[in-house]
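As structure tokens, the structure follows; a few thoughts come after it.
Every number for a ligand or one of its atoms is a count from 1 in the order of the listing. Here the structure is a predicted model, which is why all the values come from computation and not from measurement.
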Amino acid sequence: MPFEYPSFASRFSIHYTKTREPARTQLEPAFSEAKHKYPGVCVRVYHNRIARVCVSPESVFRHRHRPPSSDMSSSYFDIDDLPGPSNRRSNKNREIYIAAADSGLVPGAPGVPGELVQVGQGQEQEGKEHIQEGEPSNLMSPGIVPSMPNIFMNGAGDDATQRLLQFQNQQLHYNENRTALGRAITTVMAMLKELQAKNHVWPAHYPRFGRSAPPELPSTPPAEADEDEGIDLPDRPNLRRAATEVPSASARANGKGKAIDETPQTPPSPASGSDVPPRLMSSELLHEFNVLKLDLKLGTVSPAQLVQSLEKTAVASLLDGKIAQALKHLLSLRERIEDTASKVLITGDLNAGKSTFCNALLRRNLLPEDQQPCTNVFCEVLDAQINNGVEEVHAIPHGSTYSIKDERTYDVFPLDALERLAVSPETYVLLKVYIEDKRPAEESLLRNGVVDIALIDAPGLNMDSMQTTAVFARQEEIDVVVFVVSAENHFTLSAKEFIWNAAHEKAFIFIVVNRFDNIKDKGRCSRLILEQVSKLSPQTYDDAEDLVHFVSSNKVPIGSSGGSPDDDGDDDNNNDRNNNDDDDLADFDRLERCLRNFVLEKRAISKLAPAKTYLLNLLGDVEALGSYNEDVSRSEVARLKSELEQIAPVYESTLASSVAVSEEADAGIEKTVSSVYEHTRFKLEDVIKNISDVKHVEYPGLLFVYSYASDMRDAMLVTLQQSVLECEEFARKKTTSGFNVLKGMGLQHFQGTPYYTEKVFNSSMMFSRKKDLLARGSVSADIELADFFELDQSEKLSSMGMSLTLATVAGTGAFGVPTTFYSSLASTTSAIGFRNLKNWIMPALTVALFAGVVYFVREVPNVVPRKIAKKLHRELVAVDYVHANAERIASECRKVLKFPSEDLRRAFQAMLDEQATQKSDRTRQIAQAEDALRYFARVHKEAANNRVMISKFDLESVPVESELAAREE
Ligand SMILES: Nc1nc2c(ncn2[C@@H]2O[C@H](COP(=O)(O)OP(=O)(O)OP(=O)(O)O)[C@@H](O)[C@H]2O)c(=O)[nH]1
């Protein structure tokens with residue numbers, strides 16, 4: 001069933017109320033009535049906070065961006081989005097009061113164009129769930145309580161319809177943009193957090209900015225010297241604080257604000273050995289970052305140079321700090337855009353007339369005015385409806401977190417205490433001033449029927465540095481800056497600095513040039529001030545007609561307690577102000593309209609534009625950073641791969657050399673050792689074999705025969721010992737030359753490297769254990785009687801003849817028991833017969849004895865050496881003396897030569913280990929670099945996409961000029 005939406009809207013008003021009665025029962029009758037009459041209407045109540053009015057079809061509200069969903073079957077908007085007094089979402093206790101009243105509403109009334117709404121089946125169905133669970137509420141009088149600002153409702157017919165639709169369109173559009181920006185902020189925050197995490201594991205490279213970039217510019221506003229003739233400011237885009245300004249079109253055309261030179265260039269491969277640095281590695285980034293710029297200062301060194309001179313990790317940690325700051329700022333931006341209320345900061349120089357201006361806006365003598373500084377505490381003026389309609393001051397002490405519901409967090413004062421409180425910054429940090437503004441919504445800024453407004457009167461900028469800093473900090477959390485400047489004084493240094501900073505954050509500043517009545521040459525004054533504004537905030541200057549106003553606030557007639565200036569009250573100023581100049585009043589009226597327009601209708605600009613520009617700048621930086629690091633990591637991957645390619649064959653050849661050298665060293669050692677062994681063995685065997693040839697022991701005679709034998713033995717042992725020493729000496733020489741060979745091999749492979757230290761070999765340290773020389777314990781060679789006789793030499797005995805045989809036998813028989821004696825005796829006896837033997841025995845014995853003595857005397861010098869030599873030989877063989885010594889000497893050689901060969905081996909191992917580590921490091925680094933490459937390529941792409949998407953957010957496309965135009969007429 002068709003119905004006439006505008007008529008419906010004018011009758012069906014939506015309100016909030018603070019009552020606590022149950023909502024559902026109260027609301028239901030009104031809704032059923034509305035539903036019955038206007039089936040296209042669906043009103044929903046959600047959780048005590050949101051009511052939705054749904055009207056079909058979509059063409060009425062032109063929902064361009066809203067995604068389809070089941071909930072979107074009808075065009076709808078939140079009650080919070082509709083005009084209405086005190087429509088804050090934040091107030092939990094707020095309840096919804098919707099009253100529908102029929103005052104002759106006739107569907108399809110004449111004079112209303114066409115069927116605006118067509119209700120279909122789906123909407124009918126939806127209409128059945130009109131009322132959902134609601135929190136306690138109270139249906140107040142079912143009469144119509146106008147909630148739409150009268151500016152929309154004034155008039156009738158087409159005009160009113162148009163204005164209303166336009167306003168609602170604007171609200172929808174604003175909400176869509178707000179939601180989209182909120183989502184974009186969330187996305188960018190997630191992106192930044194990921195970047196921050198990545199920056200910890202892969203420190204991001206900070207780009208070097210191109211030589212073609214403009215020179216480093218001071219980050220402070222221009223000096224006072226510029227004041228009179230306008231200020232000569234350097235190019236703006238390089239001077240950003242919060243960087244919520246999008247680089248100007250001209251700057252973009254010149255390449256400014258374009259972070260990356262997009263001239264296609266192929267990054268040269270590092271392997272190519274080209275001197276041309278890879279793209280973006282040198283001067284490719286033409287312009288400094290906006291948000292992520294590292295502002296370092298050290299003497300005369302430029303920040304860019306300073307950044308480049310820092311360690312990569314130091315830069316990464318500075319960048320980390322910047323990202324953290326950006327995250328914090330994004331949070332406050334999100335809070336700001338989600339806050340349905342608007343905060344208007346009225347600031348300016350000391351005594352510029354801020355309080356007077358504020359009072360003029362409120363048409364009420366509220367804030368203390370004086371020629372001497374009098375506002376020392378921030379005063380936030382709010383609609384008393386927020387405070388249950390009670391006018392009072394909530395003074396918030398230092399350190400307290402204000403909650404209107406918790407009286408412990410503030411002190412309550414009457415309004416007339418303001419004068420006293422405003423000058424006591426020691427006790428209170430903020431004064432919340434709740435006032436009733438009884439003026440109609442189209443006149444009142446506070447109770448405007450659109451959004452909650454907080455007017456914040458700030459202390460003068462030059463009061464003291466603490467206050468000034470507080471004002472600077474404050475501007476970050478507010479939506480609109482109204483800067484009051486004295487027409488007599490123009491902009492001071494602090495004023496310039498403040499506007500400079502605020503302009504980057506807000507883009508637009510509302511500038512009030514106050515005390516204009518005191519200026520004689522008004523034309524010159526306005527020209528000079530506008531010139532300064534053009535330098536400080538070009539965007540404000542571009543819109544100067546609406547944003548820069550020359551007024552005399554003290555000429556505005558005001559009442560004493562709010563409401564209209566006609567109210568009774570004997571304010572002293574009234575008399576003066578009632579003698580107002582028409583021009584001054586007209587100027588102030590215009591200012592008010594523009595301010596309303598800026599604060600209320602152009603919320604898209606005052607509230608959303610800073611977030612959009614900040615996001616664009618931030619994403620521009622992230623895109624440039626991503627692109628730069630993408631290229632850096634790509635060249636890093638290429639470099640690492642080429643290094644790995646070089647390391648692999650080096651490793652292989654080191655390994656091969658190591659094996660070859662090791663084998664060569666072992667073979668060399670074995671050769672040396674076996675030659676020493678052979679030499680020792682040969683030498684000792686020879687010496688032992690000829691040991692009886694010892695010459696230098698003289699035979700001292702028969703009486704000293706034992707001593708002779710003993711000396712002879714010692715001489716033999718000394719000879720043997722000597723030869724062992726000679727063998728050891730030989731071994732020393734051989735070992736020395738073996739050592740030198742090994743040392744030469746070491747030097748050949750490792751000279752000058754840390755792996756190998758040249759060693760000095762001291763051969764005298766070899767064979768230091770003397771007891772190894774001769775095993776005296778095992779070779780005793782004790783002298784015995786037998787050592788003097790050699791009985792087993794039969795050839796010698798037979799040569800002495802038969803006659804001596806007996807004597808020999810007798811002689812030897814006296815000394816011994818040889819078996820030959822018995823056999824000789826038997827044979828002799830049988831030859832000469834036993835009787836003859838008796839006669840011959842004595843002379844024979846005598847002869848034999850004599851012969852024996854002679855033999856003994858003659859043979860001892862020959863027999864003793866032989867006998868001792870034999871004995872020694874036997875004993876030496878028994879202890880395996882030759883082999884033992886040869887082995888000992890050879891072992892010593894091997895042991896000594898092992899040290900240099902082990903050194904060599906260790907050196908190779910260390911080199912191999914290092915190369916293996918390099919290899920595995922490169923492999924790991926390649927994986928990391930490839931990971932970083934993938935990540936930064938993604939960040940680059942995502943940032944670019946998001947930037948394009950956000951740049952398409954059209955914050956201003958819904959015009960609201962008609963209302964202004966109508967009023968201008
Ligand atoms: N002639 C003239 N005087 C004004 C105008 N506006 C304010 N004044 C006077 O300037 C003086 C200072 O005004 P305030 O409103 O107290 O200035 P303020 O900037 O709030 O001062 P502080 O908050 O203390 O920094 C007062 O004596 C006002 O009467 C104006 O438009 N014209």
Side-chain angles (χ1 to χ4, degrees), residues 344-381 418-425 428-431 433 455-472 474-475 481-495 498-499 510-522 525-526 529 548-558 560 565 571-592 595:
V344 181
L345 181 73
I346 297 172
T347 185
D349 279 327
L350 212 57
N351 259 358
K354 299 178 292 295
S355 306
T356 311
F357 171 72
C358 219
N359 287 341
L361 279 182
L362 301 167
R363 294 294 195 283
R364 185 166 178 174
N365 198 16
L366 179 76
L367 299 163
E369 303 169 16
D370 202 342
Q371 275 148 345
Q372 57 183 334
C374 59
T375 313
N376 289 355
V377 184
F378 283 94
C379 298
E380 192 171 326
V381 184
L418 252 184
E419 202 143 336
R420 177 168 50 86
L421 295 170
V423 288
S424 341
Y428 298 110
V429 67
L430 176 66
L431 304 173
V433 186
L455 282 180
I456 304 166
D457 184 17
L461 278 180
N462 285 318
M463 177 91 81
D464 67 41
S465 60
M466 280 256 293
Q467 295 279 23
T468 307
T469 314
V471 178
F472 268 68
R474 197 71 198 255
Q475 77 94 359
V481 172
V482 176
F483 196 88
V484 183
V485 55
S486 162
E488 295 149 314
N489 299 332
H490 295 200
F491 295 100
T492 62
L493 255 186
S494 309
F498 184 89
I499 294 176
F510 199 91
I511 295 178
V512 177
V513 185
N514 197 29
R515 304 169 79 112
F516 205 50
D517 54 324
N518 284 349
I519 302 298
K520 256 167 101 187
D521 188 347
K522 293 188 170 24
C525 172
S526 50
I529 286 195
V548 184
H549 295 268
F550 297 83
V551 293
S552 308
S553 304
N554 69 341
K555 301 287 181 203
V556 178
I558 57 172
S560 59
D571 191 287
D572 293 342
N573 293 331
N574 260 3
N575 294 335
D576 294 344
R577 294 181 185 181
N578 285 335
N579 296 331
N580 55 56
D581 179 337
D582 283 351
D583 287 348
D584 286 338
L585 277 182
D587 286 343
F588 200 87
D589 272 357
R590 209 177 149 274
L591 175 151
E592 272 193 303
L595 185 58

| query | Can you check whether Cys525 reaches Glu488 side chain to side chain, under 4.5 Å on heavy atoms? | reply | no
We want to know whether Thr356 and Asn554 form a side-chain donor-acceptor pair, criterion being a heavy-atom distance below 3.5 angstrom.
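No donor-acceptor contact under 3.5 Å links the two side chains.
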Got a salt bridge between Asp589 and Lys555, using NZ or NE/NH1/NH2 to carboxylate O under 4.0 Å? no
Taking only heavy atoms of [X] into account, list the atoms of ligand 1 that are under 4.0 Å away from them.
{"X": "Gly460", "answer": "25 (O)"}
{"X": "Asn518", "answer": "1 (N)"}
{"X": "Leu350", "answer": "25 (O)"}
{"X": "Asp517", "answer": "1 (N), 2 (C), 30 (C), 31 (O), 32 (N)"}
{"X": "Ser552", "answer": "31 (O)"}
{"X": "Ser553", "answer": "31 (O)"}

Check your understanding: Regarding Lys522 and the six-membered ring of Phe516, is the cationic atom NZ or CZ under 6.0 Å from the ring centre and inside 45° of its axis?
Key -> yes
I want to know if ligand 1 touches [X] in the polar sense, i.e. an N/O pair below 3.5 angstrom.
{"X": "Arg515", "answer": "yes"}
{"X": "Pro459", "answer": "no"}
{"X": "Asn351", "answer": "yes"}
{"X": "Phe516", "answer": "no"}

Ring centers of Phe498, Phe491 separated by less than 6.0 Å: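 Phe498 vs Phe491: aromatic centres not under 6.0 Å.
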When every non-hydrogen atom of Phe483 is compared with those of Asp349, the smallest separation belongs to CZ-N, 4.4 Å
Correct closest heavy-atom pair for Ala352 and Ser486 would be CB-N, 3.9 Å
